[in-house]
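Here's the structure we're looking at; comments come further down.
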2 protein chains.
Amino acid sequence: MERKTPTIQDVARFANVSTATVSRALSSPEKVSEGTRARVSEAIRVTGYTLNQAGRSLRQRSAKTILVALPDIRNPFFSSILDAIEREAAARGYGVLVLNLYFGHETIRRLQDFLLSNRADGLLLLDGSVDTHLLQTLAGQAETIPIVVACEEIPNSGFHTVLTDNVDAAERATQHLLDLGHRRIGHLLGPEHNVVSRERFAGFARALAGSGLAPVPEWSFRGNFDMESGFAAAARFLSMTERPTAIFAANDESAIGFLSGLRQHGIICPRDISVVGFDDLGVAPHYVPPLTTMRQPREALGRMAAEALIDLVEDPEALGMPLRIVLRSELVVRESTARIARDGTGKTRSDNHSS
Amino acid sequence: MERKTPTIQDVARFANVSTATVSRALSSPEKVSEGTRARVSEAIRVTGYTLNQAGRSLRQRSAKTILVALPDIRNPFFSSILDAIEREAAARGYGVLVLNLYFGHETIRRLQDFLLSNRADGLLLLDGSVDTHLLQTLAGQAETIPIVVACEEIPNSGFHTVLTDNVDAAERATQHLLDLGHRRIGHLLGPEHNVVSRERFAGFARALAGSGLAPVPEWSFRGNFDMESGFAAAARFLSMTERPTAIFAANDESAIGFLSGLRQHGIICPRDISVVGFDDLGVAPHYVPPLTTMRQPREALGRMAAEALIDLVEDPEALGMPLRIVLRSELVVRESTARIARDGTGKTRSDNHSS
DNA sequence: CGGCCGCGTGTAATCGATTGCATAACTAAT
DNA sequence: ATTAGTTATGCAATCGATTACACGCGGCCG
């Protein structure tokens, strides 16, 4: 009774041809005569045949699957990139395996396992806070395994890279605050050892320098891209007597946590402080106030990274020189930034708790 | 020069045993003598062998991979469930393939393709707005393919299911508003043909009934779980003269869109209206005002669903009767709900634009 | 007419691991 | 000492598809 799933043998028998012909009819139809092709199609229809990918993978040493490794699926920034990757991969007939990257060097083993065991044909690394050591290890196999790094630059690594113009975008975000008359500008940092964090800080500093200013160390608040860290930073902000009138936050999530912390103590944005974020998360236009932010082209980034990786998988020479695509972010001005109040003392007008 | 990746043959040669022994040393070490085991380990170390999953899959007809199909990866609700699934799967040695579900019946083909082609051993379906037709088609193969449905109930389908207590939770959310003295309570609906939407509406109605009230049709605002739909609903709310004093929103995202729309017209929550959401997204505690909401145990849900599916994959009889796990949601009271103002007329105190 | 080419197809080897069966070497029991 | 049982290992078939090679056939050219 146990009817097994039909194999290519069954199709061949039914169509009165050899398995070789069936295989060819499927993967290179032009090599098969029209009549045979029709018989094979019919046989496939009748038997309900579906190709066994394991058999094909074994023979062809390719899994038609890419591995996406990312630090946190829950992060909406990554999940929308993942979404774009999945769409592109699907369009090109590839499956997408996801891998969370939080196991320390255990992770390396898992990555290797997937890549060397013929489960995935290539790696798309989306790591915003990557451990350099991990990459060194992977790099050892880079000649043979197609790898594309997205979001994050890994200098001199020779990896193909798709990223956004973090330094420049951060500079423009900060410039926006300067244009509004702010001079006392702070920064809510990203994670300490993260390249993206550093780039955004660099852009921030560069914009200040353009106006003859320099970052004030006490106004660089430690953060790590999540809401809690922004919330915590707000407490430090509040404990200061000399406060900045504007903050450039390394991303929207921390900006939101920060604003939420300030609000609990009656500091109202943009009346008392201007804040510009980064990413343009879905919630940004609906936050209170709607967030001014740098919109990263997340969909394009995911799509192009997937495209590049699959090109590479299908022809390891395709890309030639290590690719480096830089996408431009765009300032979206909403209501969390405003022209500075006349006095510009850094004293906020109200420190009362609002209820 | 092209050094190929080592196979089990290479290991066998190096360790001076047969491939059978190497295989056994790997998958059932107790069947191999201690000395041999050591030699094999050493050989593996020296050759740098990694198992070729395609070969194993072909022979064992199992891919050590599960397929997670979901309607929208970007939705933070799903992405955090996906995260939990990935963790559980990783812990049990499984990979996770993700599949977006927006292609209509093209999607069915892809699902089938993955499941029948031995690329995935089972399906975890997370669909909050599922097309019944799609499921019928899949159900035809359900006897042979392990399937677990999460988040969404599919009545009489015979699928194993892990979900939360939507009706009950919605009732408690609404009860919370009643307890605060509200009597004029509206609902921001989820997508029309979605089971979850309907369950939440049912719970809403049941709570009202418990206080001798009934849903007012004009106060059920069409929505579909996203911010834009909540935002649009706000416009309809504003155009009414007889307004509810409180809203139970089908989820946090639409609640946020709704609040954002109201705020643009100076209607302040919770002063003028109370709103309770559903999900407890990451942003909920940091929104302005922090959102009162039903917290769904997303991590537990993802974990348990993955657990159940993998149990099923490893032993199709394991679960016996169709499993049905219902997890309890928890009301988290924050600041978006307040005791009703004395007059309770539904007239908001201020309709001016705030600036 | 003979040789060459190209097309369509079949034969059989191959990819890498697993596993049923056979076997050999011991141990224990009768 | 023979038998039975146990343990450790090897042999070879097997999973399902792909593909190098060979073959037969018809057409074309010289």
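These values consider heavy atoms only, across backbone and side chains, with no hydrogens, waters or symmetry-generated copies. Chain identifiers are assigned alphabetically (A, B, ...) following the order of the sequence lines, protein sequences preceding nucleic acid strands; residue numbering begins at 1 within each chain.
Looking at A:E307 and A:R92, no side-chain N of the basic residue comes within less than 4.0 Å of a carboxylate O on the acidic one, giving no salt bridge. A salt bridge is absent between B:R303 and B:D83; no separation between the charged side-chain nitrogens and carboxylate oxygens falls under 4.0 Å.
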Restricting both atoms to N or O, compile the protein contacts to nucleotides 17-19 of chain C shorter than 3.5 Å, with distance only.
| from | atom 1 | to | atom 2 | distance (Å) |
| --- | --- | --- | --- | --- |
| C:dA17 | OP1 | B:Y49 | OH | 2.7 |
| C:dA17 | OP1 | B:N52 | N | 3.0 |
| C:dA17 | OP2 | B:I8 | N | 2.3 |
| C:dA17 | O5' | B:Y49 | OH | 3.4 |
| C:dT18 | OP1 | B:R56 | NE | 2.6 |
| C:dT18 | OP1 | B:R56 | NH2 | 2.8 |
| C:dT18 | OP2 | B:S23 | OG | 2.6 |
| C:dT18 | O5' | B:S23 | OG | 3.4 |
| C:dT18 | O2 | B:R59 | NH1 | 2.5 |

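Each of B:G35 and B:R61 was matched to the nucleotide of DNA chain D holding its nearest heavy atom; the match closer to the 5' end belongs to B:G35.
Side-chain atoms of B:R324 and B:T161 form no donor-acceptor pair, as typed in the model, at a separation below 3.5 Å. Between A:Y94 and A:E314, the side chains place a donor N or O and an acceptor N or O closer than 3.5 Å (distance only, hydrogens not considered). Between the side chains of A:S80 and A:R298, at least one donor-acceptor pair of N or O atoms lies under 3.5 Å.
When every heavy atom of A:L301 is checked against every heavy atom of A:A150, the shortest pair comes out as CD2-CB, 3.8 Å.
Nucleotides of DNA chain D that come within less than 4.0 Å of any heavy atom of chain B span, from the 5' end to the 3' end, D:dA8 to D:dG16.
Among residue pairs with one or both ends in residues 58-70 of chain A, those qualifying as side-chain hydrogen bond (donor to acceptor under 3.5 Å, both in side chains) are A:T65-B:R119; sequence neighbours excluded.
Residues satisfying the side chain to side chain contact (heavy atoms under 4.5 Å, CB included) criterion with A:L51, sequence neighbours excluded, are A:Y49, A:Q53, A:R56.
Each end of the helix from C:dC1-D:dG30 to C:dT30-D:dA1 gets its own axis from five base pairs, and the two axes differ in direction by 50°, given to 10 degrees.
At the heavy-atom level, A:S57 lies nowhere under 4.0 Å from the strands shown.
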Please tabulate, one pair per line, all N/O donor-acceptor pairs under 3.5 Å involving side-chain atoms of residues 20-34 of chain A, not counting sequence neighbours.
| from | atom 1 | to | atom 2 | distance (Å) |
| --- | --- | --- | --- | --- |
| A:T21 | OG1 | A:S18 | OG | 3.3 |
| A:S27 | OG | A:S23 | O | 2.8 |
| A:S33 | OG | A:T36 | OG1 | 2.8 |

key: CA sep, side-chain torsions, deciding dist, call: B:I66, B:I85, side chain to side chain contact (heavy atoms under 4.5 Å, CB included)   = CA-CA 10 Å; B:I66 62 177; B:I85 292 170; 4.1 Å; yes
